[in-house]
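Since the structure is predicted, the reported quantities are computational estimates derived from the model, not experimental observations. The chain is numbered in sequence order, starting from 1.
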Amino acid sequence: MNLKYGLDERPRVGEMLLYSLQWLLIAIPVVLTSTFIAPPGETVAYAQKLFGITGAAMLIQVFFGHRMPLIPGPAAALLTGILAATAQGCSSSSIYTAIFIGGAIIALAGISGITRKLLPLFTPRIVVVVLLLISFTIAHPIIDLIFSDPDHYPEAFCFALFGTLLMAFANERLKGVWKTVSVSAAMIVGSLLWFAITGFPEQTATDTHAARVFNFPAEFDLGVTVSFLFCYAALFINEAGSVQSLGAMVGAGNMERRNRRAMTVTGLMNMVSGSIGAIGPVDYSLSPGIVASTSCASRWPIVPAAVILTAVAFWPQGVSVLMTIPPTVMGCVLLFLMATQIAAGFEMANATKSVSTFRHGMIIGLPLMLDVILSFAPDKVMEHIPSLIRPIAGNGFVAGVIIVLLLEHVLLRERKKR
């Protein structure tokens with residue numbers, strides 16, 4: 001690929017600032033779209049934690065991890081785990097203890113180099129299913145966000161329909177920098193339009209409960225922990241895939257070392273996230289598209305963006321303004337982002353020729369249908385499931401990952417031709 005700046009080349013000051021601003025405008029929506037899982041009354045404090053974790057992860061990865069321009073953010077796979085566990089009445093202490101444990105396992109996998117042996121288990125078909133499962137699982141909370149205001153259901157329906165269509169059109173038509181900041185623009189314009197319909201808020205978002213910096217005492221729940229280990233299997237795939245794809249694109253050397261370091265840093269940052277009661281980060285796979293549009297693969301513009309993100313974590317007034325974005329707008333943006341993830345899954349299936357027979361279709365279709373059924377199952381059904389396995393059986397994403405692993409490697413495994 002013809003790049004203007006390589007991984008270790010420093011752009012001129014003016015260009016550095018523009019590239020940094022671009023990365024910042026991409027990172028902010030990535031953080032904000034996960035704040036709806038904050039504990040009641042602690043939305044601003046939770047957002048501050050996410051900004052701090054994301055900024056710190058960016059800095060550490062650039063200097064000591066993969067050393068490439070990758071944007072981290074709250075892991076969608078963990079988001080599904082938190083939503084499912086919360087819906088089943090699991091305590092926040094048990095959830096974030098599980099995140100701490102999962103992070104420790106990912107860090108150990110990176111340090112030990114076992115990642116090289118584990119990756120072959122996750123065939124292209126399984127990776128496709130994981131991408132699709134995340135989007136399908138988050139459908140329920142997206143619905144809750146879009147229709148959060150009972151007084152404006154018709155407006156919310158029209159807003160979601162036309163808003164997501166416009167985002168899809170803009171994503172297709174816009175090029176370069178404009179395309180990469182389209183989500184940020186959608187949040188700003190969408191918020192102004194929604195306020196014009198429902199009325200502008202008289203004050204910014206405020207917390208009603210005192211912020212909890214650490215998530216102590218720790219509480220170990222076997223069912224919750226096991227369910228999150230499957231979520232971390234997806235996070236493992238995401239991290240490795242993001243690093244490998246960008247590394248191959250920019251011709252980075254020593255990829256095995258970069259992968260190990262990236263996995264180690266991601267694991268350690270997830271341990272920190274679990275200890276402070278926040279969702280753990282992972283590197284996002286959208287970075288190759290940004291590098292391609294700007295022809296800049298330099299890691300140095302990430303640094304100012306990371307510093308600003310970290311600084312925002314200590315500015316509650318600024319976070320309060322950002323948190324004024326209406327839930328309906330947040331839901332529309334999430335809907336669009338999950339649609340892009342489904343598109344990425346289909347694109348990968350086509351590129352790897354993962355679906356060419358009826359058997360392949362069953363391996364992909366059955367876990368997705370199970371995920372949909374479990375995600376929308378009535379609460380009364382889950383009450384009859386034993387509490388030990390409820391966090392696993394009641395989590396459509398986790399159940400889907402288990403099923404696709406069984407189908408791919410055991411039940412519908414392709415027989416070798418003699």
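- A distance of 11.0 Å separates CG of Leu18 from CZ of Arg12, quoted to the nearest 0.5 Å.
- The minimum heavy-atom distance between Val319 and Ala47, with the atom names listed, is CG1-CB, 3.5 Å.
- Using modelled atom types, one finds a donor on one side chain and an acceptor on the other under 3.5 Å when comparing Ser91 with Ser94.
- The one candidate from His66, Gln244, Arg260 that meets the side chain to side chain contact (heavy atoms under 4.5 Å, CB included) condition with Met255 is Gln244.
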Show your reasoning for whether side-chain contact (heavy atoms from CB on, under 4.5 Å) applies to Leu246 and Val291. CA-CA 9 Å; Leu246 183 60; Val291 171; 4.0 Å; yes
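- Heavy-atom minimum distance, Phe228 versus Gly81: CZ-C, 3.5 Å.
- Using a 4.5 Å heavy-atom threshold, the side chains of Thr33 and Met187 count as touching.
- Among all heavy-atom pairs drawn from Phe195 and Thr324, the shortest one is CZ-O, 3.3 Å.
- Looking at Glu219, its side chain never comes within 3.5 Å of a backbone N or O of Ser93 through a donor-acceptor pair.
- Asn270 places no side-chain N or O within donor-acceptor distance of the main-chain N or O of Ile106, the cut-off being under 3.5 Å.
- Residues Gly331 and Ile142 share a closest heavy-atom pair of O-CG2, 3.7 Å.
- Distance alone, capped at 3.5 Å, places no donor-acceptor pair between the Tyr96 side chain and the Ala218 backbone.
- Side-chain contact between Thr225 and Thr97 is absent, with no heavy-atom pair separated by less than 4.5 Å.
- In this structure, Thr86 contributes its side chain and Leu83 its backbone to no donor-acceptor pair below 3.5 Å.
- Considering only heavy atoms from C-beta on, Arg258 comes within 4.5 Å of Met68 through its side chain.
- For Lys4 and Glu9, the salt-bridge test fails: no basic side-chain N is under 4.0 Å from an acidic carboxylate O.
- Within 6.0 Å of CZ on Phe376 lie more than 12 heavy atoms contributed by other residues, nucleotides or ligands.
- In terms of modelled atom types and a separation under 3.5 Å, the side chain of Tyr284 and the main chain of Val30 share no donor-acceptor contact.
- In this structure, Trp194 has its ring center no closer than 6.0 Å to that of Phe200.
- The CG atom of Leu79 sits 5.0 Å away from the CD1 atom of Ile37 when rounded to the nearest 0.5 Å.
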Could you walk me through whether Asp149 and His152 pass the side-chain contact (heavy atoms from CB on, under 4.5 Å) check? CA-CA 6 Å; Asp149 188 347; His152 296 93; 2.8 Å; yes
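- Listed for the Ser20 side chain is a donor-acceptor partner under 3.5 Å among the backbone atoms of Met16.
- Scanning all heavy atoms of the two residues, the minimum distance from Ile126 to Leu121 falls at CD1-O, 3.5 Å.
- Using a 4.5 Å heavy-atom threshold, the side chains of Phe236 and Thr266 count as separate.
- Side chain of Lys49 to main chain of Ser273: no donor-acceptor pair is present (N/O by atom type, distance under 3.5 Å, no hydrogens or angles).
- Using modelled atom types, one side-chain atom of Ser148 and one backbone atom of Leu145 make a donor-acceptor pair closer than 3.5 Å.
- The two atoms that bring Gly277 and Tyr46 nearest to each other are O-CE1, 3.2 Å, heavy atoms only.
- The distance from the CZ atom of Phe336 to the OG1 atom of Thr164 is 9.0 Å, given to the nearest 0.5 Å.
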Pairs under 3.5 angstrom only: tabulate donor-acceptor contacts from the side chains of residues 347-354 to other protein residues two or more places apart or in another chain.
| residue | atom | partner | partner atom | Å |
| --- | --- | --- | --- | --- |
| Thr352 | OG1 | Met348 | O | 2.7 |
| Thr352 | OG1 | Ser354 | OG | 2.4 |

Could you walk me through whether Phe220 and Ile101 satisfy the side-chain contact (heavy atoms from CB on, under 4.5 Å) test, starting with their C-alpha distance in whole Å, then the side-chain angles of each, then the deciding distance to 0.1 Å, before giving a yes or no? CA-CA 9 Å; Phe220 178 77; Ile101 294 171; 3.8 Å; yes
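- Here the side chains of Leu7 and Ser298 are not in contact, with every heavy-atom distance at 4.5 Å or above.
- Annotation for Phe64: atom CZ does not count as buried by contact number, only 12 or fewer foreign heavy atoms lying within 6.0 Å.
- Interatomic distance, CZ of Arg359 versus CD1 of Ile364, reported as 10.5 Å (0.5 Å rounding).
- Distance check: Thr43 OG1 to Met323 CE gives 5.5 Å after rounding to the nearest 0.5 Å.
- Side chains of Pro327 and Phe36 form no contact here, defined as non-hydrogen atoms less than 4.5 Å apart.
- For the atom pair CG (Leu406) and CD1 (Ile363), the distance works out to 11.5 Å, reported to the nearest 0.5 Å.
- Donor-acceptor pairing under 3.5 Å is lacking for the side chains of Ser182 and Asn171.
- Within 6.0 Å of the CE atom in Met369, the count of heavy atoms belonging to other residues, nucleotides or ligands does not exceed 12.
- In this structure the side chain of His360 reaches within 4.5 angstrom of the side chain of Thr357, judged on heavy atoms.
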Worked verdict on Tyr19 versus Ile302 for side-chain contact (heavy atoms from CB on, under 4.5 Å): CA-CA 8 Å; Tyr19 289 137; Ile302 291 283; over 6 Å; no
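- No more than 12 heavy atoms of other residues, nucleotides or ligands lie within 6.0 Å of CZ in Phe162, so this atom counts as exposed by the packing criterion.
- Counting only heavy atoms from C-beta outward, the side chains of Glu15 and Pro301 never approach each other to under 4.5 Å.
- Gln341 places no side-chain N or O within donor-acceptor distance of the main-chain N or O of Leu337, the cut-off being under 3.5 Å.
- Without hydrogens or angle criteria, His409 side chain to Leu405 main chain gives no donor-acceptor distance under 3.5 Å.
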